[in-house]
Amino acid sequence: MTAVEVVGVVQQEAWRRGELPPVEQVRPGLWLIPVPMPNNPLRYVLVYALALPDGLALIDVGWDSEQSWQALVDGIRQTGHDITEVRFAAITHLHPDHFGLAPRLREVSGAALAMHAADASLLGHHTATDREGYAASWARQLARLGAPDEVRSGEVMELVRFGPRESLDVVLDDGTPLDLPGWDLRAVWTPGHTPGHLCFVDDTHELVFSGDHMLPRISPNISTIPGELPNPLHRYLLSLHATVGLPDGEVFPAHEYRFRGVASRAQALLGHHEERLDEIADVVARHPGSTAWEVSTRISWSRPFETMAPRLRRLAVRETDAHLLVLADRGVVTGCGTDPDRWATAVTTPVR
């Protein structure tokens, strides 16, 4: 992929060493606070604190654990503020490393929580019966993709949810201004990684808070998740095309390190997915009647597929499924069987 200009050198060096980077003031009134993610290969999420006349606003809040909470509290203290002075938290998306501490933060500080409605709707209060039904839908999907029994039975991503009488304070849509004094931030809807993923853009200062939509080194996981986007990679590719037109300033991602090169990074990610689509189309052509699981075992990954933990293989097969759906939309592959779903190269009629 095309290289980006690394701005967060301190974060990059810490990432390479496998360490937590320090809290850092990266602009006047703007701090980077790394919040650890226990037992997760991503290690930490980067929370950004923005100075307000009467306190702080945060972009994302971190994983729901005591270690993460203490890191957030200590990091905010290093900005010269107290956790009780957080007035507002803009959440890029619903995943636990971004939203996890939001209920606790609101309880302690009274901070208003803002996110896109498409993600907030998935964080409503669920009963035990609801959770059982959700887990069953994940298992059924994996069966449809051809995953073996030992892979189907596993954890469902547990989301931190709103309580029975809790809800979002501010609903953000594409283009909604955040109305934070001293900042020119607006929400940019970038669905794909989740249905309601948001980036936050400050046009005046040329800042892009990219969440998981755009990272400097790795490609975010784009998977078919039951109850979420029916064709997530299609939406993600459209979001990347739109991202090309964002201010070409500094990018503040949720993981790894800060960088410059919005357009080049978006183009590189588009190129990556086109290469992946070509690879999957070639496998289907050579092995007609393959399931998504079988395709996943025959394409390249950052590590051998058979050595992946079951959780990672579940992510991998759902990511393959997302690519197959795009290929089907383009008329490159077609379904040729169900229970489980199977794929073959589409037969095209020559133009006369």
Side-chain angles (χ1 to χ4, degrees), residues 1-4 6 8 11-21 36-46 63 93 95-98 142 145-148 150-151 154-155 157 192-194 197 210-225 232-233 236-237 239-240 251 253-259 261 264-284 286-287 290-327:
M1 293 187 188
T2 303
V4 298
V6 176
Q11 291 85 47
Q12 185 187 49
E13 291 176 351
W15 181 267
R16 288 172 174 170
R17 293 193 301 266
E19 300 173 356
L20 196 70
M37 300 163 58
N39 304 314
N40 190 293
L42 284 174
R43 300 199 296 272
Y44 56 84
V45 64
L46 298 173
W63 191 271
H93 63 292
H95 288 160
D97 49 327
H98 301 262
L142 288 168
L145 300 183
E150 65 270 18
V151 175
E155 83 283 358
M157 180 171 60
H193 186 57
T194 67
H197 190 289
S210 64
D212 282 0
H213 173 67
M214 180 180 292
L215 305 174
R217 187 182 59 90
I218 61 176
S219 174
N221 179 264
I222 310 297
S223 296
T224 51
I225 302 296
L233 182 59
Y236 181 65
L237 296 177
S239 295
L240 282 176
V251 183
H255 303 286
E256 299 186 318
Y257 39 84
R258 295 175 290 123
F259 66 97
S264 61
R265 184 60 181 147
Q267 293 290 358
L269 286 165
L270 286 165
H272 162 75
H273 284 290
E274 290 302 322
E275 291 175 4
R276 196 65 159 167
L277 288 163
D278 288 344
E279 182 184 12
I280 289 172
D282 180 65
V283 168
V284 171
R286 289 187 289 109
H287 302 276
S290 292
T291 65
W293 177 267
E294 289 165 341
V295 172
S296 297
T297 67
R298 292 166 175 150
I299 58 178
S300 58
W301 299 96
S302 59
R303 69 195 74 177
F305 185 80
E306 62 274 10
T307 68
M308 292 183 188
R311 181 183 70 84
L312 293 179
R313 282 186 284 171
R314 287 190 286 271
L315 284 173
V317 71
R318 289 188 171 107
E319 186 172 305
T320 299
D321 186 44
H323 285 78
L324 285 164
L325 292 175
V326 169
L327 289 170

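Positions are given from 1 along the sequence.
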Peer 1: The test is side-chain contact (heavy atoms from CB on, under 4.5 Å); show your working for Leu327 and Val284 and say whether it passes.
Peer 2: CA-CA 11 Å; Leu327 289 170; Val284 171; 5.8 Å; no
Peer 1: Can you label the angle between the His93 ring and the His98 ring as parallel, tilted or perpendicular, going by 30° and 60°?
Peer 2: tilted
Peer 1: Closest heavy-atom contact between Pro253 and Pro216?
Peer 2: CG-CD, 4.0 Å
Peer 1: For the atom pair OG (Ser210) and NE2 (His197), what is the distance rounded to the nearest 0.5 Å?
Peer 2: 7.0 Å
Peer 1: Kindly determine whether Arg298 and Ser290 satisfy side-chain contact (heavy atoms from CB on, under 4.5 Å), including the steps that lead there.
Peer 2: CA-CA 10 Å; Arg298 292 166 175 150; Ser290 292; 3.0 Å; yes
Peer 1: Could you give the distance from CD (Glu274) to CG (Leu237), rounded to the nearest 0.5 Å?
Peer 2: 6.5 Å
Peer 1: Got a second to check how far Glu319's CD is from Leu324's CG, nearest 0.5 Å?
Peer 2: 11.5 Å
Peer 1: For side-chain contact (heavy atoms from CB on, under 4.5 Å), just list the numbers for Leu270 and Gln267, CA-CA rounded to whole Å, side-chain angles, deciding distance to a tenth of an Å, and then say yes or no.
Peer 2: CA-CA 5 Å; Leu270 286 165; Gln267 293 290 358; 3.9 Å; yes
Peer 1: Which pairs would a plain distance check flag for residues 36-46, meaning a side-chain donor or acceptor within less than 3.5 Å of a matching protein atom at least two apart in sequence or in another chain?
Peer 2:
unit_1: Asn40; atom_1: OD1; unit_2: Leu42; atom_2: N; d: 2.9
unit_1: Arg43; atom_1: NH2; unit_2: Trp15; atom_2: O; d: 2.5
unit_1: Tyr44; atom_1: OH; unit_2: Glu256; atom_2: O; d: 3.4

Peer 1: Apply salt bridge (Lys or Arg N to Asp or Glu O under 4.0 Å) to Arg16 and list each qualifying residue two or more places apart in sequence or on a separate chain.
Peer 2: none
Peer 1: Would you say Asp212 and His95 are linked by a side-chain donor-acceptor pair, where the criterion is simply a distance under 3.5 Å?
Peer 2: no
Peer 1: List in chain and number order the residues that pass ring-ring contact (aromatic ring centres under 6.0 Å, His included) with Tyr236, two or more places apart in sequence or in another chain; answer none if no residue qualifies.
Peer 2: His213, His273
Peer 1: In the structure I gave you, are the side-chain heavy atoms of Asp321 and Ser223 within less than 4.5 Å of one another anywhere?
Peer 2: no
Peer 1: Indicate the atoms forming the closest heavy-atom contact of Ser296 with Ala316, along with that distance.
Peer 2: OG-O, 3.9 Å
Peer 1: What's the shortest heavy-atom distance between Tyr257 and Gln11, and which atoms?
Peer 2: CB-CB, 3.6 Å
Peer 1: Quick one: does Arg313's side chain have a donor or acceptor within less than 3.5 Å of a partner on Glu306's backbone?
Peer 2: no
Peer 1: Do the side chains of Thr291 and Leu145 get nearer than 4.5 Å, heavy atoms only?
Peer 2: no
Peer 1: Between Arg314 (side chain only) and Val151 (backbone N and O only), is there a donor and an acceptor less than 3.5 Å apart?
Peer 2: yes
Peer 1: Run the side-chain contact (heavy atoms from CB on, under 4.5 Å) test against Ile299 and tell me which residues pass, sequence neighbours left out.
Peer 2: Arg276, Glu279, Ile280, Val283, Val295, Trp301, Thr320
Peer 1: Taking all non-hydrogen atoms of both residues, which atom of Ala322 and which atom of Ile222 are closest, and how far apart?
Peer 2: CB-O, 3.6 Å
Peer 1: Output, in order, the C-alpha distance, side-chain angles, deciding distance and verdict of side-chain contact (heavy atoms from CB on, under 4.5 Å) for Ile218 and His255.
Peer 2: CA-CA 9 Å; Ile218 61 176; His255 303 286; 5.7 Å; no
Peer 1: CZ of Arg303: more than 12 outside heavy atoms within 6.0 angstrom?
Peer 2: no
Peer 1: In chain order, what residues pass the salt bridge (Lys or Arg N to Asp or Glu O under 4.0 Å) check against Glu294, with sequence neighbours excluded?
Peer 2: Arg342
Peer 1: State which residues pass salt bridge (Lys or Arg N to Asp or Glu O under 4.0 Å) with Arg318; sequence neighbours excluded, sorted by chain then number.
Peer 2: none
Peer 1: Which atom pair, heavy atoms only, marks the closest approach of Pro220 to Leu269?
Peer 2: CD-CD2, 4.5 Å
Peer 1: Any non-hydrogen side-chain atom of Arg258 less than 4.5 Å from a side-chain atom of Val251?
Peer 2: no
